[in-house]
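The sequence lines fix the lettering, A, B, ..., with proteins before strands; numbering per chain opens at 1. Remember, predicted model here, so these are calculated numbers, not experimental data. Values reported hereafter were calculated over all heavy atoms of this structure, with side chains retained and with hydrogens, waters and symmetry mates removed.
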Number of protein chains: 2
Amino acid sequence: MSDWREFDQNPVSHSAAHHLTTIQWLLDDQGYARVSDVARHLGITRGSVSVTLKGLRQRGLVVEDDHKHLSLSVEGLRIARGIRTKRILIQALFREVLGVPDNVAEQDACKIEHLISDQTAEAAGGFLIGLEESSSDPQLAKVLQSLRMPPAAPSTNFPGVGTQKLALRLEKKDSHGEDPSS
Amino acid sequence: MSDWREFDQNPVSHSAAHHLTTIQWLLDDQGYARVSDVARHLGITRGSVSVTLKGLRQRGLVVEDDHKHLSLSVEGLRIARGIRTKRILIQALFREVLGVPDNVAEQDACKIEHLISDQTAEAAGGFLIGLEESSSDPQLAKVLQSLRMPPAAPSTNFPGVGTQKLALRLEKKDSHGEDPSS
DNA sequence: TCAACCTGTTTGGGTTACCAAACTCGTTGG
DNA sequence: CCAACGAGTTTGGTAACCCAAACAGGTTGA
């Protein structure tokens with residue numbers, strides 16, 4: 001089993017992920033990105049952004065031109081695009097497949113975007129592509145619809161009875177007394 | 001859009017989540033749980049566990065009996081079970097539905113177990129239950145199989161061409177110039 | 001011109017969560 | 001009997017984060 005502390009040994013932290021994706025978003029949106037813009041966008045102080053970006057500059061992920069305008073290095077852009085793509089895929093997976101309301105899917109995706117492995121994200125992408133390709137199949141649509149969360153059940157307590165039973169079944173199947181410390 | 005810092009404003013932190021689930025696991029496994037057991041299990045020092053558990057005791061999540069044996073309060077147990085259930089459900093979702101290898105699914109599930117909303121976890125549970133119930137349907141099985149990640153493609157770069165294209169499509173559909181700061 | 005304003009940086013503080021190391025305490029084997 | 005050991009705690013250090021506040025520079029409008 002894997003070390004549970006892999007949690008915070010990711011390429012970039014949650015904070016760094018948002019700094020990077022924000023810079024890119026600002027560039028796309030308004031053509032430039034400065035410390036103040038990033039701070040406003042993230043809802044934190046300029047001082048915090050200044051310090052964080054100093055680190056990201058030293059790590060070669062963020063570049064600052066002679067006019068204090070920020071942009072991403074090739075590596076920074078690669079990371080930002082990866083995280084952004086993961087967020088979009090996870091959000092779509094939760095929304096399209098599980099039937100979770102979009103705003104909830106978005107919140108969840110935002111929290112986990114930088115933690116999901118490439119492999120799982122790619123698998124989610126593949127699944128969604130397949131879904132899209134066979135969206136014309138009424139049989140599939142019907143089946144999937146029946147699996148999705150009923151839109152009128154957002155407030156049920158977690159875990160519901162059926163869900164809890166399923167989890168217990170899965171746990172037994174899966175665990176032969178091993179260590180869940182992962 | 002939601003505040004991106006909801007990240008660390010969860011009922012319990014990643015660390016606390018693991019302390020709680022570890023205590024319960026030790027109780028189930030060996031009938032008791034002490035600070036040293038938790039420390040060994042998590043791979044951190046006794047001092048760290050001692051300090052963390054002091055906080056969890058003050059928050060009323062962990063109880064210590066007169067023999068320094070740890071257990072969870074009702075609330076602590078509720079939280080621990082919730083997190084454990086979420087991990088199992090997410091792991092199963094990634095494994096059964098997306099076709100991700102079990103160890104990868106486990107790692108990912110471990111990282112995000114304490115971040116996923118109740119609603120999404122419940123939806124995952126509902127989806128898996130539906131899947132289980134219709135597992136006898138050969139048509140469904142075939143369709144799902146076709147959507148799953150090919151087992152022989154674990155090492156492709158992320159994001160793959162198709163995945164990236166999908167993400168771009170999703171992004172456009174979804175965003176009408178809004179703010180991805182979630 | 002120069003005060004007001006915006007920008008970016010630095011500094012001191014607070015939180016969480018880890019470590020190493022020193023310390024206490026109870027049990028236990030020679 | 002007591003040295004040695006394991007268990008638990010405390011303490012000082014580190015590293016990310018965040019904040020507020022003070023500062024330094026550049027623009028700009030009156």
By nearest atom, which of the nucleotides [options] is closest to the [X] side chain?
| X | options | result |
| --- | --- | --- |
| A:I44 | C:dA22, D:dC18, D:dA20 | D:dC18 |
| A:S36 | C:dT7, C:dT10, C:dC18 | C:dT7 |
| B:V35 | D:dC18, D:dT9, C:dC18 | D:dT9 |
| A:K68 | C:dG8, D:dA7, D:dT11 | C:dG8 |
| B:S15 | C:dT10, C:dA20, C:dC18 | C:dC18 |

When the ring planes of B:H114 and B:H14 are compared, do they come out parallel, tilted or perpendicular, using 30° and 60° as the limits?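 The rings of B:H114 and B:H14 sit tilted, inter-plane angle from 30° to 60°.
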
Cation-pi geometry met for B:K86 and A:F158 (6.0 Å, 45°):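 Yes, a cation-pi geometry.
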
Does [X] have a side-chain nitrogen or oxygen under 4.0 Å from the phosphate oxygens OP1 or OP2 of [N]?
| X | N | answer |
| --- | --- | --- |
| B:S48 | C:dC19 | yes |
| A:K54 | C:dT10 | yes |
| B:R40 | D:dG6 | no |
| A:T45 | D:dC19 | yes |
| A:S13 | D:dC17 | yes |
| A:R34 | C:dT9 | no |
| A:R46 | C:dG8 | no |
| B:T52 | C:dA17 | no |

Contact check, side chains of B:F127 and A:V97, non-hydrogen atoms, under 4.5 Å: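 Result yes, sub-4.5 Å side-chain heavy-atom pair found.
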
Do B:N103 and B:Q107 pair up side chain to side chain, a donor and an acceptor below 3.5 Å, judged on atom types alone?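 Not at all, the side chains of B:N103 and B:Q107 share no donor-acceptor pair under 3.5 Å.
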
Under 3.5 Å, is there a donor-acceptor pair linking the side chains of B:D102 and B:Q91?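 The criterion, which ignores hydrogens and geometry beyond distance, is satisfied for B:Q91 and B:D102.
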
What is the distance, rounded to the nearest whole Å, between atom [atom1] of [X] and atom [atom2] of [N]?
| X | N | atom1 | atom2 | answer |
| --- | --- | --- | --- | --- |
| A:R57 | C:dT9 | CZ | C1' | 10 Å |
| A:H69 | C:dT7 | NE2 | C1' | 11 Å |
| A:H14 | C:dT16 | NE2 | P | 17 Å |
| A:L26 | C:dT7 | CG | P | 13 Å |
| B:L70 | D:dG8 | CG | P | 8 Å |
| A:L56 | D:dC17 | CG | C1' | 12 Å |
| B:H19 | C:dA17 | NE2 | C1' | 9 Å |
| A:H18 | D:dC17 | NE2 | C1' | 14 Å |

Mind listing the closest non-hydrogen atom pair of B:G125 and A:T163 along with its distance?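 Distance-wise, the nearest heavy atoms are CA-CG2, 4.1 Å.
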
Which is true for A:R59 with a 4.0 Å heavy-atom rule: it touches a base, it touches only sugar-phosphate, or it touches nothing?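 If one applies the 4.0 Å heavy-atom cut-off, A:R59 turns out to touch nothing in the nucleic acid.
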
